[in-house]
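One structure is given here, and the rest of the page talks about it.
So that the names make sense, note that chain A is the first sequence line, chain B the second, and so on, each numbered from 1.
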Amino acid sequence: MANALAMPKPGQFTEECTIVKWRKKEGDPVAKGEILFEIETDKSNMEVESFFEGVLLKIVVPEGVPVPVQSVVGYVGQPGEKVPDAPPSPPPKPKAAPAPETRTAPSPTPVAPAPARAAAPAFPGAPPPPAALAPPPPPAAAPPAPRAISPRARRLAREMAIDPAKIEGSGPNGRVVEKDVRDYLAARGYDRLRVTPAALELARREGVDILDVNGSGAEGRITVEDIRNAVAERPQPMSRMRQVIAERLTHSFTTTPHFFVTVAVDMTDLTEVRREAKARGAPYTVTDCIAYAVVRALTEFPAFNSVSDGRAVRRRTSVNLGLAVSLENGLVVPVVRRAQDLSFAELRAASVALVAKAREGKLTPDEMTGGTFTISNMGMLDVENFTAIINPGESGILAVSSTLPRPWVRDGRIVVRQIMKMTVSADHRLIDGATAAGFVNAIRKRLEDRTLWTNLMWS
Amino acid sequence: MEDHVYRTIAELFGKDDGYCRGRGGSMHIADFRIGHLGANAIVGGGVPIATGAAMAQRYLESGRVVCCFAGDGAFANGVVLEALNWAAQAQWTNHLAKDKPFGLPIIFAIENNHYGMTHRSDDEVMGVRKLAQRAAGFADNRMHAEVVNGMDVLAVRDAVARAAELCRQGQGPVLLDIDTYRYYGHSLSDPCVEYRTKDEQNAWRAVDPIASFQKQLREAGWLDDATAAAIETRVRERNARAAVRAAEAADPAPEEVLTFLYTDTACETVPAEFAKPALRGPLPEIKRDAEGRILYKDAIREALAEEMARDSRVIFYGEDVADYGNAFKATKGLLETFGRRRVFNTPISEACICGTAVGAAMAGLRPVVELMYMDFALMSSDQISNQAAKWHYMSGAQAELPLVIRASVGGGKGYGGQHSQTLESVFAHIPGLYVVYPSTAYDAKGLLKASIRDNNPVLFVESQLLYSEKGVVPAEDYVVPLGAADIKRAGGDLTIVCWGPAVGDALKAAAVLKQENGVETEVVDIRCLVPFDEETVLRSVAKTGRCVVASHAVNIGSFTGEIVSRIMEKAFDELDAPVLRVGAKNGIAPQSHILEAAFLPNAKDIVAAARRIL
Ligand SMILES: Cc1ncc(C[n+]2csc(CCOP(=O)(O)OP(=O)(O)O)c2C)c(N)n1
């Protein structure tokens with residue numbers, strides 16, 4: 001019997017997954033450990049190796065089709081071996097965690113079973129929120145039904161180079177008919193539009209809505225140039241990664257009451273100590289120091305290592321530090337787990353490894369989930385100050401800006417010092433101003449503590 | 001002779017030089033130049049055609065005789081027995097024939113090889129030992145039937161000479177039951193083992209007609225060995241040459257696959273010998289009302305009368321059409337004007353009514369025949385579909401078939417399942433036929449006249465529901481061209497494509513839609529299903545963007561579906577709404593008026609369909 005290949009479960013909460021690329025064709029020989037295909041997870045692509053030796057007998061799931069994890073995606077076996085006609089159905093799902101809603105605070109009225117979508121974490125990749133803390137499911141907005149349009153109306157719209165989707169239909173079942181298009185053209189003053197014939201032709205071909213184009217020619221005439229510009233300005237679909245970022249950050253920023261506290265840190269001493277240490281071969285960077293200072297502060301301010309849904313607060317006993325890493329096409333946040341238990345050197349080693357993996361796109365889903373607090377460092381980008389959006393499932397994020405020489409009052413005199421601003425974003429539902437102020441100042445104090453860094457770097 | 005052999009073999013090879021230009025092949029080979037009206041692959045199907053050809057010889061007084069070959073197996077087929085009955089009608093020779101009594105000049109030559117495909121005729125599937133006996137059942141003179149020794153060339157020659165002479169004297173028909181044998185199987189795959197013995201075959205070979213004839217010639221001192229050998233060599237070499245040439249001949253061009261399906265000729269001017277024949281009386285009088293209106297059925301009568309007066313080749317026959325003037329009095333008076341040579345009753349024999357028309361048309365007449373009800377067309381569907389529709393094409397355009405089959409639809413009158421069917425779609429599915437269906441008296445006259453003049457076979461459908469509808473019909477000669485739709489009402493909002501009685505429904509619906517919805521409806525009467533005026537339909541749909549297709553046929557398989565599909569294919573982007581159709585329910589016409597009203601479509605149904613897409 002041929003060996004069935006199952007869709008892996010890349011993350012604890014991933015229920016569905018898509019093959020983005022088959023690296024082998026049907027009939028190709030496959031060695032144990034060879035890459036068979038790549039799957040797309042919410043955060044990155046992952047390569048999947050073969051556990052079997054033989055030939056790829058059949059591809060059951062083609063590229064681009066999302067299927068439940070554990071589904072059979074193909075078969076590897078000996079050449080000529082028979083493959084079942086219909087792939088066996090995926091094994092029964094492990095008993096699903098009860099839908100969050102059903103465990104929400106006792107409610108006298110029975111709660112309708114949550115829609116399937118809501119059972120999955122709202123933010124794939126977010127640390128598994130305790131059931132009671134699950135964010136409310138996003139509104140299950142059904143995609144708008146494509147508007148029915150008669151062929152005649154569609155042809156007229158095409159001829160006129162307008163977008164029929166904007167037209168209300170008056171035909172049976174709301175179908176857009178020719179008259180609707182004509183009424184719309186009249187209402188939009190289409191007659192008065194001045195368009196060069198070439199521009200109209202191009203607009204038709206490119207599907208540009210001519211009514212959306214402002215003419216730059218004489219007396220407002222729409223020219224080919226205007227259509228080209230309209231084509232260039234046309235919305236382009238975002239990558240899957242960007243869409244996930246968009247979804248998660250929008251949700252966070254619109255449902256978490258953010259507030260921001262900024263402090264200026266005098267980094268002069270730290271910079272000096274580090275420069276000397278470096279000259280002696282110590283590898284540490286300022287970023288390492290900030291990470292260390294933040295981990296320590298988090299152990300002192302547990303509110304920043306907790307999460308709230310507005311009704312309850314859940315503390316996390318371990319500090320899982322997220323490090324925002326910008327990539328060419330987006331942003332990933334690898335997570336250093338149990339950072340509170342790591343020495344300065346260990347913390348650095350762990351972060352360096354993760355950041356390198358992130359840059360190569362090799363992070364596993366588990367390495368990108370479970371963070372409790374995040375640092376976003378734009379120090380190398382020459383910025384005075386900025387604020388960051390809290391990652392879902394966390395309560396704070398530290399935005400670290402560039403260290404810049406600044407006039408500074410010290411002992412009553414103005415001197416030049418290396419000043420770095422950092423701003424913490426906090427979830428006001430569980431953190432108040434005083435706590436936030438205490439938290440950033442705790443970090444600041446550590447960073448300004450020359451002795452501390454001397455000890456850490458010289459030990 | 002060599003040319004015949006060459007053209008025959010070329011036809012077997014499907015070559016352009018074949019008799020039928022590769023459209024016929026061995027089963028439909030024909031050479032109309034010499035009066036060979038075609039082999040027929042429908043066993044027995046050629047017999048009524050030959051009978052019709054004999055009618056033409058009789059009518060034209062050509063002095064020629066038709067010889068109709070068919071096998072013993074064919075003489076079990078209904079259409080063959082009908083043809084024997086037809087050929088032996090008393091009216092050819094008795095007082096009804098007035099001054100020209102003349103039996104049909106036809107020899108029914110049974111090539112009795114005693115087997116059908118494999119069945120034995122004599123002692124298996126027939127109840128008579130000698131098929132010649134059949135003749136006794138059809139004619140008091142037993143058709144001068146003879147049993148002939150088909151293995152003796154001279155005996156056959158004598159018998160046929162006798163028969164031809166009888167026919168020339170007006171003593172036909174004659175039936176010759178010619179005993180012979182088939183040495184090989186019916187087809188290459190038949191080794192003849194199951195159903196006959198080697199002994200039997202050898203016994204027949206022993207009396208082989210070629211060998212016997214040679215023996216007779218030698219005995220008479222007319223043939224010696226050297227001459228016989230020389231003849232044999234000459235024939236062999238000739239056949240071989242012809243076969244090689246045929247094999248090397250050009251194939252027909254693939255793009256010509258539909259060439260010869262129809263002829264584009266019509267009888268524009270009548271040859272002098274047939275023009276304006278003497279009449280027995282005045283044309284039947286048809287009264288016009290003050291506005292010049294006459295009944296639809298009278299328009300039919302007027303068209304027939306005018307065309308018969310124009311061209312003596314136009315003859316008209318059917319069941320009860322002569323003295324009685326047909327079941328609907330639509331042909332009353334024609335007998336009086338044209339006499340029984342040109343207008344006569346027929347046996348209740350629909351296959352022969354249509355089949356003899358095919359033969360008569362092949363032989364130079366322009367027959368118009370009548371099927372009392374369209375339902376009966378199914379009785380003659382072989383003659384309409386396999387013969388009339390196909391011979392122009394299958395013969396490679398050697399033959400034209402200028403014939404009209406009139407058939408009336410009884411639907412709407414409570415006649416029930418076998419007298420009410422609207423079947424034109426069935427025949428529109430048979431390429432080679434024209435299918436015409438007028439909706440008004442004006443169109444009925446003009447279209448029937450055009451159909452009679454056209455050189456294609458036309459199935460001309462009439463609706464009994466419309467027979468008593470009146471319309472303005474000019475008394476003058478005019479034709480309505482075939483294949484031209486007519487806009488019965490112009491409008492810009494909605495198109496109704498229809499024909500036959502559905503046109504009236506559509507016009508009523510249009511009035512309602514105008515009054516109640518302010519909608520301007522265009523009613524396109526296609527008038528002909530074949531040829532179909534696609535252009536007019538598409539142009540109207542392009543104007544209105546909305547279309548309902550209506551007819552009285554049941555929807556399933558109806559030509560309405562064909563029209564809808566063409567609109568979808570060719571005018572999709574013109575459509576502002578789906579094209580809907582209206583027809584009878586997919587069922588059988590019931591007798592009850594209440595039920596039939598529910599079964600048939602009406603103006604209300606068209607209005608309802610229109611409102612669904614407005
Ligand atoms: C109407 C019809 N039925 C059946 C056939 C199939 N068929 C072809 S030839 C044949 C036997 C004909 O026998 P007969 O009339 O004795 O002619 P023969 O071939 O013996 O000369 C049959 C059954 C056919 N071609 N047409």
Side-chain angles (χ1 to χ4, degrees), chain A residues 143-191 193 195 197-213 227 231, chain B residues 490-497 509 512-514 516-522 524 534-550 561-582 604-614:
Chain A
R147 202 186 287 260
I149 177 164
S150 82
R152 191 182 181 92
R154 184 174 29 236
R155 185 191 53 182
L156 179 61
R158 208 186 298 133
E159 260 165 29
M160 296 292 160
I162 58 159
D163 178 4
K166 295 173 185 161
I167 304 174
E168 278 302 313
S170 71
N173 305 320
R175 184 187 292 126
V176 175
V177 296
E178 183 190 15
K179 181 175 176 302
D180 301 323
V181 180
R182 295 206 184 279
D183 290 351
Y184 172 82
L185 292 173
R188 294 285 311 264
Y190 191 91
D191 272 1
L193 224 55
V195 192
L200 184 63
E201 189 46 47
L202 184 63
R204 283 184 192 132
R205 213 168 47 235
E206 292 287 349
V208 169
D209 187 341
I210 202 107
L211 288 168
D212 286 350
V213 180
I227 304 296
V231 171
Chain B
D493 300 331
L494 166 73
T495 300
I496 302 176
V497 179
V512 172
L513 290 166
K514 164 79 178 160
E516 297 180 11
N517 299 61
V519 166
E520 290 295 354
T521 303
E522 181 146 300
V524 180
E534 187 178 271
E535 218 181 294
T536 299
V537 169
L538 295 181
R539 205 181 314 119
S540 178
V541 171
K543 182 164 70 165
T544 62
R546 291 184 165 76
C547 185
V548 173
V549 184
E562 171 70 21
I563 296 176
V564 173
S565 122
R566 296 217 201 176
I567 293 172
M568 296 297 277
E569 250 177 66
K570 300 187 178 170
F572 183 70
D573 280 335
E574 309 284 1
L575 291 173
D576 225 357
V579 183
L580 299 185
R581 48 185 193 149
V582 172
K604 270 201 201 126
D605 298 327
I606 298 180
V607 169
R611 287 189 177 144
R612 277 174 58 199
I613 55 170
L614 281 168

Considering residues, nucleotides and ligands other than B:Lys543, do more than 12 of their heavy atoms fall under 6.0 Å from its NZ?
-> yes
With a cut-off of 6.0 Å (strictly less than), are more than 12 heavy atoms of other residues, nucleotides or ligands near CZ of B:Arg612?
-> no
So, does A:Arg152 use its side chain to make a donor-acceptor pair with the main chain of B:Glu574 at under 3.5 Å?
-> yes
side-chain contact (heavy atoms from CB on, under 4.5 Å) between B:Arg546 and A:Val177: does it pass, once the steps are laid out?
-> CA-CA 10 Å; B:Arg546 291 184 165 76; A:Val177 296; 3.7 Å; yes
Is atom CD of A:Glu159 surrounded by more than 12 heavy atoms (other residues, nucleotides or ligands) closer than 6.0 Å?
-> yes
Would you say B:Lys604 has more than 12 foreign heavy atoms packed within less than 6.0 Å of its NZ?
-> no
Engaged part of A:Arg155 at the chain B interface, taking heavy atoms whose separation is under 4.5 Å | side chain
Would you mind checking which part of B:Ala571 comes under 4.5 Å of any heavy atom in chain A, side chain (CB onward), backbone (N, CA, C, O), both or neither?
-> neither
Any chance you could measure A:Leu156, atom CG, to B:Asp573, atom CG, to the nearest 0.5 Å?
-> 11.0 Å
From A:Ser150 atom OG to B:Ile613 atom CD1, the distance as rounded to the nearest 0.5 Å | 11.0 Å
Could you tell me whether the side chain of B:Met568 reaches within less than 4.5 Å of the side chain of A:Pro151, counting heavy atoms only?
-> no
If you take all heavy atoms of B:Asp576 and A:Ala153, which pair is closest and at what distance?
-> OD1-N, 3.8 Å
